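These values consider heavy atoms only, across backbone and side chains, with no hydrogens, waters or symmetry-generated copies. All ligand and atom numbering here is 1-based and tracks the order in the structure. Predicted, not measured: the structure shown is a model, and the values here were computed from it.
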Amino acid sequence: MPPRPGPSTAPTEASSSVSLAGGIAGSLISARGSSGSSGFSTTNSAEFAFDSDMSKYPTSMTSSIRAHVYEGGLRYHAFRDGQYAFPNDEVEQNRDDMKHTMSLMVCRGAYLYAPVHDRLEAGGAEVLDLGTGTGIWAIELGDKYPVAQITGIDLSPIQPNFVPENVHFFVDDFEEEWVDAENKFDVIHIRHTLHSVRDRKLLVERAFRHLKPGGYFELQELLFWPQCDDESMTPQTPYAFRDFMTYMEQGMRVLGSELRAVMTLPEEMKAAGFADVTKKTHKCPVGLWPRDKRLRLCGLFLRTAIMDGLRGLAQRPLTALGWTQLQIEMFLVDVRKSVMDTKFHTYFAFHVVYGQKPLA
Ligand SMILES: C[S@@+](CC[C@H](N)C(=O)[O-])C[C@H]1O[C@@H](n2cnc3c(N)ncnc32)[C@H](O)[C@@H]1O
(Lines give C-alpha, C1' and ligand atoms only; values in the text may rest on other atoms or scores of the structure.)
Protein backbone atom coordinates (compact mmCIF):
# COMPACT_ATOMS: atom_id res chain seq x y z
CA MET A 1 0.00 0.00 0.00
CA PRO A 2 1.53 3.34 -0.96
CA PRO A 3 2.11 5.97 1.75
CA ARG A 4 -0.56 8.59 1.92
CA PRO A 5 -0.37 12.35 1.64
CA GLY A 6 -0.28 14.13 4.98
CA PRO A 7 -3.00 15.80 7.04
CA SER A 8 -5.10 18.58 5.66
CA THR A 9 -4.08 21.37 7.98
CA ALA A 10 -0.42 21.17 7.08
CA PRO A 11 -0.10 19.93 3.52
CA THR A 12 2.99 17.83 3.18
CA GLU A 13 5.38 18.04 0.30
CA ALA A 14 3.50 15.15 -1.28
CA SER A 15 0.05 16.63 -0.96
CA SER A 16 1.28 20.02 -2.09
CA SER A 17 2.92 18.59 -5.12
CA VAL A 18 -0.25 16.93 -6.29
CA SER A 19 -2.27 20.07 -5.75
CA LEU A 20 -4.45 20.89 -8.69
CA ALA A 21 -5.44 24.29 -7.56
CA GLY A 22 -2.10 26.02 -7.65
CA GLY A 23 -3.80 28.85 -5.79
CA ILE A 24 -3.42 30.44 -2.42
CA ALA A 25 -2.58 28.46 0.68
CA GLY A 26 -5.61 26.54 1.84
CA SER A 27 -7.02 26.11 -1.62
CA LEU A 28 -5.38 22.78 -2.32
CA ILE A 29 -7.59 20.17 -3.87
CA SER A 30 -5.68 16.94 -3.57
CA ALA A 31 -6.48 13.28 -3.71
CA ARG A 32 -5.70 11.55 -0.46
CA GLY A 33 -6.17 8.38 1.43
CA SER A 34 -6.38 6.18 -1.62
CA SER A 35 -5.00 2.74 -1.34
CA GLY A 36 -4.37 0.00 -3.82
CA SER A 37 -7.75 -1.48 -3.00
CA SER A 38 -9.48 1.76 -3.80
CA GLY A 39 -10.75 0.94 -7.22
CA PHE A 40 -7.86 2.68 -8.89
CA SER A 41 -6.01 0.64 -11.41
CA THR A 42 -2.50 -0.36 -10.44
CA THR A 43 -1.18 2.45 -12.56
CA ASN A 44 -3.31 5.00 -10.83
CA SER A 45 -2.48 3.67 -7.39
CA ALA A 46 1.15 4.27 -8.17
CA GLU A 47 0.39 7.93 -8.59
CA PHE A 48 -0.01 8.19 -4.86
CA ALA A 49 3.42 6.77 -4.04
CA PHE A 50 6.17 9.02 -2.78
CA ASP A 51 8.99 9.27 -5.26
CA SER A 52 12.06 11.42 -5.59
CA ASP A 53 10.88 12.39 -9.07
CA MET A 54 7.77 14.34 -8.12
CA SER A 55 7.58 16.15 -11.41
CA LYS A 56 5.38 13.49 -12.94
CA TYR A 57 2.65 13.72 -10.30
CA PRO A 58 0.83 16.94 -11.12
CA THR A 59 0.01 15.73 -14.60
CA SER A 60 -1.00 12.20 -13.76
CA MET A 61 -2.99 13.22 -10.70
CA THR A 62 -4.73 15.95 -12.60
CA SER A 63 -5.90 13.60 -15.26
CA SER A 64 -7.10 10.94 -12.83
CA ILE A 65 -9.03 13.01 -10.32
CA ARG A 66 -10.14 15.68 -12.76
CA ALA A 67 -11.54 13.10 -15.17
CA HIS A 68 -15.29 12.73 -15.48
CA VAL A 69 -17.64 10.06 -16.69
CA TYR A 70 -20.42 11.02 -19.12
CA GLU A 71 -23.68 9.11 -19.30
CA GLY A 72 -26.93 10.12 -21.00
CA GLY A 73 -25.64 13.66 -21.45
CA LEU A 74 -24.85 14.00 -17.74
CA ARG A 75 -21.41 14.32 -16.11
CA TYR A 76 -20.39 12.20 -13.11
CA HIS A 77 -17.32 11.88 -10.89
CA ALA A 78 -14.71 9.43 -12.16
CA PHE A 79 -12.83 8.80 -8.91
CA ARG A 80 -14.55 5.67 -7.49
CA ASP A 81 -16.92 5.75 -10.45
CA GLY A 82 -20.44 4.74 -9.47
CA GLN A 83 -20.06 5.38 -5.74
CA TYR A 84 -22.41 8.38 -5.94
CA ALA A 85 -25.51 8.16 -8.14
CA PHE A 86 -25.93 11.81 -9.06
CA PRO A 87 -24.13 14.11 -11.51
CA ASN A 88 -21.46 16.66 -10.58
CA ASP A 89 -21.98 19.05 -13.50
CA GLU A 90 -22.82 22.73 -13.37
CA VAL A 91 -26.55 22.11 -13.02
CA GLU A 92 -25.92 19.92 -10.00
CA GLN A 93 -23.46 22.37 -8.46
CA ASN A 94 -25.98 25.20 -8.81
CA ARG A 95 -28.59 22.99 -7.20
CA ASP A 96 -26.25 22.30 -4.28
CA ASP A 97 -25.66 26.00 -3.77
CA MET A 98 -29.39 26.63 -3.95
CA LYS A 99 -30.04 23.94 -1.35
CA HIS A 100 -27.34 25.53 0.81
CA THR A 101 -29.21 28.84 0.84
CA MET A 102 -32.47 27.01 1.44
CA SER A 103 -30.98 25.03 4.33
CA LEU A 104 -29.71 28.16 6.04
CA MET A 105 -33.14 29.77 5.64
CA VAL A 106 -34.85 26.71 7.05
CA CYS A 107 -32.41 26.68 9.98
CA ARG A 108 -32.70 30.48 10.41
CA GLY A 109 -29.04 31.05 9.66
CA ALA A 110 -27.55 28.27 11.79
CA TYR A 111 -24.63 26.42 10.21
CA LEU A 112 -24.56 23.97 13.10
CA TYR A 113 -27.04 23.14 15.83
CA ALA A 114 -24.52 21.35 18.02
CA PRO A 115 -23.26 23.64 20.82
CA VAL A 116 -19.79 24.19 19.37
CA HIS A 117 -19.71 27.94 18.80
CA ASP A 118 -17.31 28.66 21.69
CA ARG A 119 -14.78 26.04 20.72
CA LEU A 120 -14.85 27.13 17.07
CA GLU A 121 -14.15 30.68 18.22
CA ALA A 122 -11.45 29.66 20.66
CA GLY A 123 -8.99 28.57 18.00
CA GLY A 124 -7.47 25.30 16.90
CA ALA A 125 -10.76 23.44 16.50
CA GLU A 126 -10.90 20.91 13.66
CA VAL A 127 -14.02 20.49 11.55
CA LEU A 128 -14.55 17.79 8.93
CA ASP A 129 -17.24 18.19 6.27
CA LEU A 130 -18.08 14.89 4.60
CA GLY A 131 -19.37 15.09 1.02
CA THR A 132 -18.60 18.80 0.90
CA GLY A 133 -19.87 19.22 -2.71
CA THR A 134 -19.06 22.73 -3.94
CA GLY A 135 -17.61 23.39 -0.49
CA ILE A 136 -19.96 26.30 0.12
CA TRP A 137 -20.82 25.31 3.70
CA ALA A 138 -17.15 24.69 4.57
CA ILE A 139 -16.02 27.97 3.03
CA GLU A 140 -18.66 30.03 4.81
CA LEU A 141 -17.91 28.27 8.10
CA GLY A 142 -14.23 29.03 7.54
CA ASP A 143 -15.08 32.71 7.06
CA LYS A 144 -17.22 32.74 10.15
CA TYR A 145 -14.58 31.03 12.32
CA PRO A 146 -11.18 32.07 10.93
CA VAL A 147 -9.25 30.37 13.74
CA ALA A 148 -10.88 26.97 13.19
CA GLN A 149 -9.50 24.51 10.63
CA ILE A 150 -12.08 23.21 8.16
CA THR A 151 -11.48 20.15 5.97
CA GLY A 152 -13.92 19.22 3.23
CA ILE A 153 -13.77 15.92 1.37
CA ASP A 154 -15.66 14.80 -1.69
CA LEU A 155 -15.48 12.33 -4.55
CA SER A 156 -15.65 15.25 -6.99
CA PRO A 157 -13.02 18.00 -7.27
CA ILE A 158 -15.65 20.69 -7.75
CA GLN A 159 -14.57 23.10 -5.02
CA PRO A 160 -13.27 26.55 -5.92
CA ASN A 161 -9.54 27.33 -5.95
CA PHE A 162 -9.66 30.49 -3.91
CA VAL A 163 -10.87 29.80 -0.43
CA PRO A 164 -10.10 31.04 3.11
CA GLU A 165 -6.68 29.97 4.38
CA ASN A 166 -8.21 27.77 7.05
CA VAL A 167 -10.24 25.72 4.57
CA HIS A 168 -8.80 22.67 2.79
CA PHE A 169 -10.38 20.36 0.28
CA PHE A 170 -9.46 16.80 -0.61
CA VAL A 171 -10.77 14.28 -3.06
CA ASP A 172 -11.56 11.18 -1.06
CA ASP A 173 -14.19 8.54 -0.40
CA PHE A 174 -15.41 8.87 3.17
CA GLU A 175 -16.70 5.29 3.04
CA GLU A 176 -13.09 4.08 2.98
CA GLU A 177 -10.75 4.17 6.00
CA TRP A 178 -9.88 7.77 6.85
CA VAL A 179 -6.29 8.98 6.78
CA ASP A 180 -6.95 11.32 9.70
CA ALA A 181 -5.94 10.35 13.21
CA GLU A 182 -8.55 9.06 15.61
CA ASN A 183 -9.76 11.52 18.27
CA LYS A 184 -8.88 14.41 15.96
CA PHE A 185 -12.04 16.34 15.13
CA ASP A 186 -14.16 18.68 17.23
CA VAL A 187 -17.01 18.54 14.73
CA ILE A 188 -17.87 16.15 11.91
CA HIS A 189 -20.64 17.40 9.64
CA ILE A 190 -22.52 15.82 6.76
CA ARG A 191 -25.39 17.45 4.88
CA HIS A 192 -27.70 16.26 2.07
CA THR A 193 -25.49 13.19 1.58
CA LEU A 194 -26.70 10.51 4.01
CA HIS A 195 -29.12 9.20 1.35
CA SER A 196 -26.09 7.94 -0.59
CA VAL A 197 -24.17 6.31 2.24
CA ARG A 198 -23.93 2.56 1.72
CA ASP A 199 -22.76 1.50 5.16
CA ARG A 200 -24.25 3.91 7.67
CA LYS A 201 -23.31 1.85 10.69
CA LEU A 202 -19.67 1.93 9.70
CA LEU A 203 -19.79 5.65 8.94
CA VAL A 204 -21.36 6.51 12.30
CA GLU A 205 -18.83 4.32 14.13
CA ARG A 206 -15.99 5.86 12.16
CA ALA A 207 -17.18 9.38 12.95
CA PHE A 208 -17.27 8.38 16.60
CA ARG A 209 -13.68 7.11 16.48
CA HIS A 210 -12.32 10.18 14.72
CA LEU A 211 -14.02 12.70 17.00
CA LYS A 212 -12.24 14.01 20.06
CA PRO A 213 -13.96 13.05 23.30
CA GLY A 214 -16.59 15.76 23.68
CA GLY A 215 -16.73 16.34 19.90
CA TYR A 216 -19.98 16.42 17.94
CA PHE A 217 -21.31 14.59 14.88
CA GLU A 218 -24.04 16.58 13.10
CA LEU A 219 -26.16 15.52 10.15
CA GLN A 220 -28.59 17.67 8.20
CA GLU A 221 -30.82 15.90 5.74
CA LEU A 222 -34.12 16.28 3.93
CA LEU A 223 -36.53 13.40 4.32
CA PHE A 224 -37.31 12.67 0.69
CA TRP A 225 -41.00 12.04 1.06
CA PRO A 226 -43.69 14.65 0.32
CA GLN A 227 -45.86 15.22 3.38
CA CYS A 228 -49.01 17.28 3.68
CA ASP A 229 -50.93 18.60 6.70
CA ASP A 230 -54.23 19.35 4.93
CA GLU A 231 -56.46 17.58 2.43
CA SER A 232 -54.69 18.91 -0.67
CA MET A 233 -52.65 15.71 -0.98
CA THR A 234 -53.92 12.58 0.72
CA PRO A 235 -52.57 9.05 0.16
CA GLN A 236 -55.40 8.62 -2.39
CA THR A 237 -54.65 11.80 -4.35
CA PRO A 238 -52.90 11.11 -7.65
CA TYR A 239 -49.57 12.92 -7.24
CA ALA A 240 -46.75 12.02 -9.63
CA PHE A 241 -44.09 13.58 -7.42
CA ARG A 242 -44.89 11.09 -4.64
CA ASP A 243 -44.65 8.25 -7.21
CA PHE A 244 -41.29 9.69 -8.27
CA MET A 245 -40.02 9.53 -4.71
CA THR A 246 -41.27 5.95 -4.35
CA TYR A 247 -39.36 4.86 -7.45
CA MET A 248 -36.30 6.85 -6.41
CA GLU A 249 -36.26 5.04 -3.09
CA GLN A 250 -36.48 1.67 -4.86
CA GLY A 251 -33.77 2.62 -7.35
CA MET A 252 -31.41 3.89 -4.67
CA ARG A 253 -31.90 0.65 -2.77
CA VAL A 254 -30.84 -1.30 -5.86
CA LEU A 255 -27.78 0.96 -6.05
CA GLY A 256 -26.98 0.24 -2.41
CA SER A 257 -28.28 3.04 -0.17
CA GLU A 258 -31.39 4.15 1.71
CA LEU A 259 -32.96 7.38 0.48
CA ARG A 260 -34.72 7.98 3.80
CA ALA A 261 -31.87 6.90 6.01
CA VAL A 262 -32.26 9.88 8.29
CA MET A 263 -35.28 8.18 9.89
CA THR A 264 -33.16 5.57 11.66
CA LEU A 265 -30.16 7.76 12.31
CA PRO A 266 -30.79 8.81 15.92
CA GLU A 267 -30.99 5.17 17.05
CA GLU A 268 -27.90 4.30 15.03
CA MET A 269 -25.98 7.14 16.64
CA LYS A 270 -27.01 6.03 20.12
CA ALA A 271 -25.97 2.46 19.29
CA ALA A 272 -22.53 3.73 18.24
CA GLY A 273 -22.07 5.40 21.65
CA PHE A 274 -23.11 8.99 20.99
CA ALA A 275 -24.65 10.78 23.96
CA ASP A 276 -27.39 13.40 24.08
CA VAL A 277 -28.53 12.59 20.56
CA THR A 278 -30.86 15.41 19.59
CA LYS A 279 -33.16 15.72 16.60
CA LYS A 280 -34.77 18.94 15.36
CA THR A 281 -37.25 18.85 12.52
CA HIS A 282 -38.31 21.71 10.27
CA LYS A 283 -40.74 21.82 7.36
CA CYS A 284 -39.46 22.84 3.97
CA PRO A 285 -42.32 23.49 1.53
CA VAL A 286 -42.22 22.18 -2.02
CA GLY A 287 -43.31 25.24 -3.98
CA LEU A 288 -44.87 28.61 -3.41
CA TRP A 289 -47.99 27.63 -1.53
CA PRO A 290 -47.21 28.94 2.01
CA ARG A 291 -48.29 32.45 2.98
CA ASP A 292 -45.29 33.03 5.23
CA LYS A 293 -42.62 34.90 3.28
CA ARG A 294 -39.62 32.94 4.58
CA LEU A 295 -41.32 29.62 3.91
CA ARG A 296 -42.39 30.72 0.43
CA LEU A 297 -38.78 31.50 -0.36
CA CYS A 298 -37.65 28.14 1.05
CA GLY A 299 -40.33 26.55 -1.13
CA LEU A 300 -39.11 28.40 -4.19
CA PHE A 301 -35.53 27.24 -3.62
CA LEU A 302 -36.58 23.64 -3.02
CA ARG A 303 -38.95 23.56 -5.99
CA THR A 304 -36.28 25.02 -8.27
CA ALA A 305 -33.69 22.56 -6.99
CA ILE A 306 -36.11 19.70 -7.68
CA MET A 307 -37.19 20.93 -11.12
CA ASP A 308 -33.62 21.61 -12.27
CA GLY A 309 -32.42 18.28 -10.97
CA LEU A 310 -35.13 15.84 -12.03
CA ARG A 311 -33.26 14.46 -15.03
CA GLY A 312 -30.01 13.99 -13.15
CA LEU A 313 -31.73 12.64 -10.05
CA ALA A 314 -33.76 10.09 -12.01
CA GLN A 315 -31.13 8.82 -14.44
CA ARG A 316 -29.18 6.22 -12.49
CA PRO A 317 -31.79 5.11 -9.91
CA LEU A 318 -34.55 4.60 -12.47
CA THR A 319 -32.17 2.99 -14.94
CA ALA A 320 -31.24 0.62 -12.11
CA LEU A 321 -34.92 -0.35 -11.99
CA GLY A 322 -34.76 -1.26 -15.67
CA TRP A 323 -36.45 1.83 -17.06
CA THR A 324 -35.58 3.01 -20.55
CA GLN A 325 -34.58 6.58 -21.32
CA LEU A 326 -37.94 7.14 -23.00
CA GLN A 327 -39.87 5.83 -20.01
CA ILE A 328 -37.93 8.14 -17.72
CA GLU A 329 -38.57 11.18 -19.92
CA MET A 330 -42.29 10.40 -20.27
CA PHE A 331 -42.71 9.93 -16.53
CA LEU A 332 -40.89 13.17 -15.74
CA VAL A 333 -43.44 15.15 -17.75
CA ASP A 334 -46.11 14.30 -15.17
CA VAL A 335 -43.69 14.72 -12.27
CA ARG A 336 -42.83 18.26 -13.42
CA LYS A 337 -46.51 19.16 -13.66
CA SER A 338 -47.21 17.92 -10.15
CA VAL A 339 -44.22 19.72 -8.64
CA MET A 340 -45.31 23.02 -10.22
CA ASP A 341 -48.95 22.64 -9.18
CA THR A 342 -49.56 24.95 -6.19
CA LYS A 343 -52.76 23.17 -5.20
CA PHE A 344 -50.65 20.51 -3.47
CA HIS A 345 -49.50 21.84 -0.08
CA THR A 346 -46.61 19.47 0.33
CA TYR A 347 -43.32 19.75 2.15
CA PHE A 348 -40.21 17.76 2.95
CA ALA A 349 -39.13 17.41 6.57
CA PHE A 350 -35.65 18.79 7.17
CA HIS A 351 -33.94 16.86 9.94
CA VAL A 352 -30.98 18.03 11.96
CA VAL A 353 -29.51 15.31 14.15
CA TYR A 354 -26.48 15.68 16.38
CA GLY A 355 -24.82 13.81 19.18
CA GLN A 356 -21.72 14.04 21.36
CA LYS A 357 -18.88 11.60 21.83
CA PRO A 358 -18.77 11.22 25.61
CA LEU A 359 -15.84 12.83 27.42
CA ALA A 360 -15.05 9.69 29.35
C1 LIG B 1 -26.00 16.54 -2.55
S2 LIG B 1 -24.31 16.85 -2.47
C3 LIG B 1 -24.23 17.78 -0.94
C4 LIG B 1 -23.06 18.72 -0.89
C5 LIG B 1 -22.87 19.47 0.43
N6 LIG B 1 -22.79 18.58 1.56
C7 LIG B 1 -23.93 20.50 0.65
O8 LIG B 1 -24.78 20.30 1.52
O9 LIG B 1 -23.89 21.54 -0.04
C10 LIG B 1 -23.61 15.29 -1.97
C11 LIG B 1 -22.12 15.26 -2.14
O12 LIG B 1 -21.64 14.12 -1.44
C13 LIG B 1 -20.56 13.58 -2.17
N14 LIG B 1 -20.37 12.18 -1.77
C15 LIG B 1 -21.29 11.20 -1.82
N16 LIG B 1 -20.77 10.03 -1.37
C17 LIG B 1 -19.48 10.31 -1.04
C18 LIG B 1 -18.41 9.52 -0.52
N19 LIG B 1 -18.57 8.22 -0.26
N20 LIG B 1 -17.22 10.13 -0.29
C21 LIG B 1 -17.05 11.44 -0.56
N22 LIG B 1 -18.03 12.23 -1.05
C23 LIG B 1 -19.23 11.68 -1.29
C24 LIG B 1 -20.99 13.75 -3.62
O25 LIG B 1 -19.89 13.69 -4.49
C26 LIG B 1 -21.68 15.11 -3.57
O27 LIG B 1 -20.81 16.15 -3.91
Worksheet entry | Contact (N/O only, under 3.5 Å) between Asp173 and ligand 1 | yes
Worksheet item: Heavy atom under 4.0 Å from ligand 1: found in Tyr84's side chain, backbone, both, or neither?
Response: side chain
Worksheet item: Got a salt bridge between Glu258 and Arg200, using NZ or NE/NH1/NH2 to carboxylate O under 4.0 Å?
Response: no
Worksheet item: Tell me, which protein residue and heavy-atom name are nearest atom 20 (N) of ligand 1, and how many Å apart are they?
Response: Phe174 N, 3.0 Å
Fill in: Mode of Thr132 contact toward ligand 1 - side chain, backbone, both, neither (heavy atoms, under 4.0 Å)
backbone
Item to complete: Output yes when the distance from some N or O of ligand 1 to some N or O of Arg191 is under 3.5 Å, and no in every other case.
Response: yes
Worksheet entry | Protein heavy atom at shortest distance from atom 27 (O) of ligand 1 | Asp154 OD2, 2.7 Å
Response to the item:
Nearest non-hydrogen protein atom to atom 16 (N) of ligand 1, with distance, is Leu155 CD1, 3.8 Å
Discussion item. Consider ring pair (Phe, Tyr, Trp, His ring centres under 6.0 Å). Of His192, His100, His189, which one does Trp137 pass it with?
Written reply: His189
Item to complete: Determine, for Asp229 against Lys283, whether the closest basic-nitrogen to carboxylate-oxygen distance falls under 4.0 angstrom.
Response: yes
Worksheet item: Regarding Arg336 and the six-membered ring of Phe331, is the cationic atom NZ or CZ under 6.0 Å from the ring centre and inside 45° of its axis?
Response: no
Discussion item. Has Thr101 got a side-chain atom pairing as donor or acceptor with Asp97's backbone, closer than 3.5 angstrom?
Written reply: yes
Worksheet item: Contact between His77 and ligand 1, counting heavy atoms under 4.0 Å?
Response: no
Discussion item. Does the residue Arg80 have a heavy-atom contact with ligand 1, meaning some pair of atoms that are separated by less than 4.0 Å?
Written reply: no
Fill in: Check ion pair Glu176-Arg206 (N to O, under 4.0 angstrom)
no
Item to complete: Flag the pair Glu140 and Lys144 as a salt bridge only when some basic side-chain nitrogen lies within less than 4.0 angstrom of an acidic carboxylate oxygen.
Response: no
Fill in: Electrostatic pair Arg75:Asp81 at N-O distance under 4.0 angstrom
no
Item to complete: Considering the heavy atoms of Gln83, write down every atom of ligand 1 situated less than 4.0 Å from one of them.
Response: 19 (N)
Fill in: atom 12 (O) of ligand 1 [closest protein heavy-atom partner, distance rounded to 0.1 Å]
Thr193 CG2, 3.3 Å
Worksheet item: Considering only protein heavy atoms, which is closest to atom 6 (N) of ligand 1, and at what distance to one decimal place?
Response: Gly131 O, 2.7 Å
Fill in: Under 3.5 Å donor-acceptor, Arg95 side chain and Ala305 backbone
yes
Worksheet item: In terms of atom number and element, which parts of ligand 1 are under 4.0 angstrom from non-hydrogen atoms of Asp96?
Response: 1 (C), 2 (S), 4 (C)
Practice prompt. Using atom types as modelled and distance alone, determine if a side-chain donor or acceptor of Arg303 lies under 3.5 Å from a backbone N or O of Cys298.
Written response: no
Fill in: Enumerated ligand 1 atoms positioned under 4.0 Å from heavy atoms of Gly133
4 (C), 27 (O)
Worksheet item: Under a 4.0 Å N-O cut-off, is there an ion pair linking Glu249 with Arg260?
Response: yes
Worksheet entry | Ligand-residue contact atoms, ligand 1 with Lys99, heavy atoms, under 4.0 Å | 1 (C)
Worksheet item: Which one holds for Asp172 and ligand 1: side chain close, backbone close, both close, or neither close, with close meaning a heavy atom under 4.0 Å?
Response: backbone
Worksheet item: Counting heavy atoms only, which part of His192 comes closer than 4.0 Å to ligand 1: side chain, backbone, both or neither?
Response: both
